[in-house]
Amino acid sequence: ENGVADPCEFCGFVQQKRFSVTYEGLYTYNNQGPMTFQMMLYQDGRISFQYQRVHQIAEATIGMEAPGDEFSQQYTFGEINVQDDTTLIFTPNGEGFDVESSRDVGGPPFEWANPDVGDGDPTTLELGDDTSTVVLLPFPFNFQGRIYTDVHVASNGYFWFGDSDSQQASAAWENRDLPTDRPWEGFIGGLWMDLNPVNQNHPGTVRVSQDTVQCGQDCVDIWGGYA
């Protein structure tokens, strides 16, 4: 109105869908926890991890790979441990991903996405220890040049793509540095470690949700207009 561009006018999208998996109150096999974090896929190909409460865990693997394409990208924090209230955003750049952390100066804000507020009710996944299940995506997702319409959600803090029947893909509890020789076509790990949603003493939940995000969420220019 005043002839000066508002921050939101520079956004690369008006609105887009977001697919989220929220791990809530999970403990490890040896009762470390609780761990509460989110893994998110965006319609434009971005990937985001949000860590609400992870107790400065150090032994998890964070990153992604596509073994058939000889692609892998592992992320490590400068502080070594994963910090609470932290966001990581991975933006595809044609070869891999540019990574931005809320721990960096000028990085994205930590904005926990409430799975109960979105497009429809969230779905609780019936995951046992060291298992995964197939979930349909609300949009086609491009990962390393391949288009996927579903994803395998694993109890151990990762997604995987492909049709493998091997437990090395569906029930990989022993996290490793990337790259691996696992038989998945694609892998996205937000907090790959031996988590157990049916821990006898401390059961947790894994919920799937979706919502629509738009640039208006950052019109006050907290983060350059890019929500």
Side-chain angles (χ1 to χ4, degrees), residues 6-8 10-13 15-26 32-65 72-93 95-118 122 141 143 153 157-159 175 177-178 187-193 195 204 206-227:
D6 295 322
C8 285
F10 297 106
C11 275
F13 61 92
Q15 64 180 24
Q16 62 174 302
K17 294 184 181 298
R18 175 172 64 181
F19 169 82
S20 303
V21 177
T22 302
Y23 294 77
E24 299 170 285
L26 268 68
Q32 289 180 281
M35 312 290 179
T36 296
F37 61 98
Q38 294 176 322
M39 299 172 57
M40 301 173 172
L41 304 181
Y42 288 79
Q43 196 171 3
D44 64 0
R46 288 180 301 153
I47 299 165
S48 177
F49 305 146
Q50 299 217 101
Y51 306 99
Q52 186 184 72
R53 188 180 183 192
V54 288
H55 299 275
Q56 297 189 358
I57 199 73
E59 60 264 31
T61 300
I62 299 170
M64 52 205 68
E65 69 171 359
S72 68
Q73 185 170 342
Q74 186 163 336
Y75 184 86
T76 55
F77 287 92
E79 306 93 338
I80 300 178
N81 299 342
V82 185
Q83 303 290 306
D84 291 352
D85 298 335
T86 295
T87 293
L88 293 177
I89 295 180
F90 296 78
T91 302
N93 58 22
E95 297 181 356
F97 293 83
D98 296 322
V99 188
E100 296 170 285
S101 169
S102 59
R103 294 287 161 184
D104 298 335
V105 176
F110 173 77
E111 294 179 335
W112 185 257
N114 184 348
D116 294 309
V117 179
F141 183 74
F143 181 70
V153 177
Y158 65 87
F159 298 157
N175 61 293
D177 287 339
L178 303 178
F187 164 88
I188 299 173
L191 200 72
W192 180 22
M193 61 187 305
L195 299 170
V206 181
R207 296 197 290 167
V208 172
S209 60
Q210 59 180 291
D211 62 352
T212 302
V213 293
Q214 54 189 354
C215 191
Q217 294 173 321
D218 192 35
C219 275
V220 295
D221 198 16
I222 295 175
W223 189 41
Y226 293 87

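Distance check, rounded to the nearest 0.5 Å: CZ of Phe90 to CD of Glu100 gives 10.5 Å. Note that CZ of Arg18 and CG of Leu41 are 11.0 Å apart. Values are rounded to the nearest 0.5 Å. Here the straight-line distance linking atom CD of Glu59 with atom CE of Met193 works out to 4.5 Å at 0.5 Å rounding. Between atom CZ of residue Phe77 and atom CG of residue Asp104 there is a gap of 9.0 Å, rounded to the nearest 0.5 Å.
The closest donor-acceptor contact from the side chain of Gln38 to the backbone of Ala113 lies under 3.5 Å. In this structure a side-chain-to-backbone donor-acceptor pair under 3.5 Å is present from Gln74 to Leu178.
Considering all non-hydrogen atoms of both residues, Leu191 and Leu195 come closest at O-CD1, 4.0 Å. Shortest non-hydrogen contact noted between Ile62 and Leu88 is CG2-CD1, 4.1 Å. When all heavy atoms of Ser101 and Tyr75 are compared, the closest pair comes out as CB-OH, 3.7 Å. Minimum interatomic distance between Gly25 and Pro34 (heavy atoms only, all atoms of both residues): CA-CB, 3.7 Å. The shortest non-hydrogen separation linking Gln16 to Gln43 is OE1-N, 3.2 Å. Between Asn93 and Asp98, the shortest heavy-atom contact is ND2-OD1, 3.0 Å.
Counting only N and O atoms by type, the side chains of Thr36 and Glu24 include no donor and acceptor under 3.5 Å apart.
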**Request:** Evaluate side-chain contact (heavy atoms from CB on, under 4.5 Å) for Thr22 paired with Trp112, printing each intermediate quantity in order.
**Result:** CA-CA 10 Å; Thr22 302; Trp112 185 257; 3.7 Å; yes
**Message:** As a quick check of understanding, evaluate side-chain contact (heavy atoms from CB on, under 4.5 Å) for Tyr158 and Phe187, giving each step before the final call.
**Reply:** CA-CA 7 Å; Tyr158 65 87; Phe187 164 88; 3.4 Å; yes
**Message:** For Ser209 and Arg207: C-alpha separation, side-chain torsions, deciding distance, then whether side-chain contact (heavy atoms from CB on, under 4.5 Å) applies.
**Reply:** CA-CA 7 Å; Ser209 60; Arg207 296 197 290 167; over 6 Å; no
**Message:** I'd like to know whether Tyr51 forms a ring pair (Phe, Tyr, Trp, His ring centres under 6.0 Å) with Phe110, so could you lay out the CA-CA distance, the side-chain angles of the two residues, the decisive distance to 0.1 Å, and finally the verdict.
**Reply:** CA-CA 9 Å; Tyr51 306 99; Phe110 173 77; 9.0 Å; no
**Item:** Trace of the side-chain contact (heavy atoms from CB on, under 4.5 Å) decision for Val153 with Met39
**Value:** CA-CA 10 Å; Val153 177; Met39 299 172 57; over 6 Å; no
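By the ring pair (Phe, Tyr, Trp, His ring centres under 6.0 Å) test, Phe97 pairs with no residue at all, sequence neighbours left out. Not counting sequence neighbours, Phe159 has no partner by the ring pair (Phe, Tyr, Trp, His ring centres under 6.0 Å) test.
Among Thr87, Asp85, Thr86, the single residue meeting the side chain to side chain donor-acceptor pair (under 3.5 Å) criterion with Arg103 is Thr86.
Two residues are said to be in side-chain contact when any heavy atoms from C-beta on lie closer than 4.5 Å; Val21 and Val206 meet this criterion. Considering only heavy atoms from C-beta on, Pro92 comes within 4.5 Å of Arg46 through its side chain.
Ring geometry for Phe143 versus Phe141: interplanar angle under 30°, hence parallel rather than tilted (30 to 60°).
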